[in-house]
Amino acid sequence: MNKETALIVFSGGQDSTTCLFWAKRHFAEVRALSFRYGQKHEKEVELARQIALEAGVDFEAMDMPLIGQLGRNSLTDATLPMDEAKPDGTFPNTFVPGRNLFFLSVAAVYARERGIRHLVTGVSQTDFSGYPDCRDSFIKSLNVTLNLAMDEQFVVHTPLMWLDKADTWALADKLGVLELVRARTLTCYNGIPGDGCGHCPACKLRREGLERYLAKSD
Ligand code: ZN
């Protein structure tokens, strides 16, 4: 157990909720930071707040509407039909350019103001849906940049980096929160909590992972 505090970038989805409980195991204190960035399904912030409250984790939400204003993507633009599959050679339009860059940068400043140097994010390269800012090379590079930018010794923790979705369910189970993650988190791109709409790419990835995990653990 690390005696320090960790700040988690927390969306209330499957991945960051699993990371929140991972962080509770590994750090003496955990705080959670969510962002309103113009996402169509802003209720995810309210769900995140409730999960954090129940977990006994200090929670704050910050407004970052510029992210939704800067780039065109189907998570913030209600008029853009969502890509249900990854187009050849490019990202699906659910990619929000700069999201993890901005979130982690703001989180680092927020953490520094509170004497916190450990940051936790639920990104995964294994199931990264083609999003470049979920890759390990980006996170390592940003970690160096944050340290140089503020002359600090931040450590960005990525417990899910090399886990696929089945492994992530296994981790939630090991942490005793599989049912909580399954019922209460919002991963669905159509804004439906729990098992979701069932057909968007996020729901498919989540469900296939759960099915693989449950088949293995039987
Ligand atoms: Zn869905």
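Remember, it's 1-based here, ligands and their atoms both numbered in the order they're listed. Each residue takes its place number in the sequence, starting with 1.
Between V109 and M150 the shortest side-chain heavy-atom distance falls below 4.5 Å.
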Test side chain to side chain contact (heavy atoms under 4.5 Å, CB included) on D133 and L101; report intermediate values, then the result. CA-CA 7 Å; D133 59 354; L101 171 68; 5.8 Å; no
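In this structure, F103 has its ring center under 6.0 Å from that of Y37.
If you take CG on L163 and OG1 on T158, they are separated by 9.5 Å, rounding to the nearest 0.5 Å. A distance of 7.5 Å separates OG1 of T121 from CE of M161, quoted to the nearest 0.5 Å.
Ion pairing between a basic and an acidic side chain is recognised when a charged N comes within 4.0 Å of a carboxylate O; R207 and E211 show such pairing.
Counting only protein N, O or S atoms closer than 2.8 Å to the Zn ion (ligand 1) gives 4.
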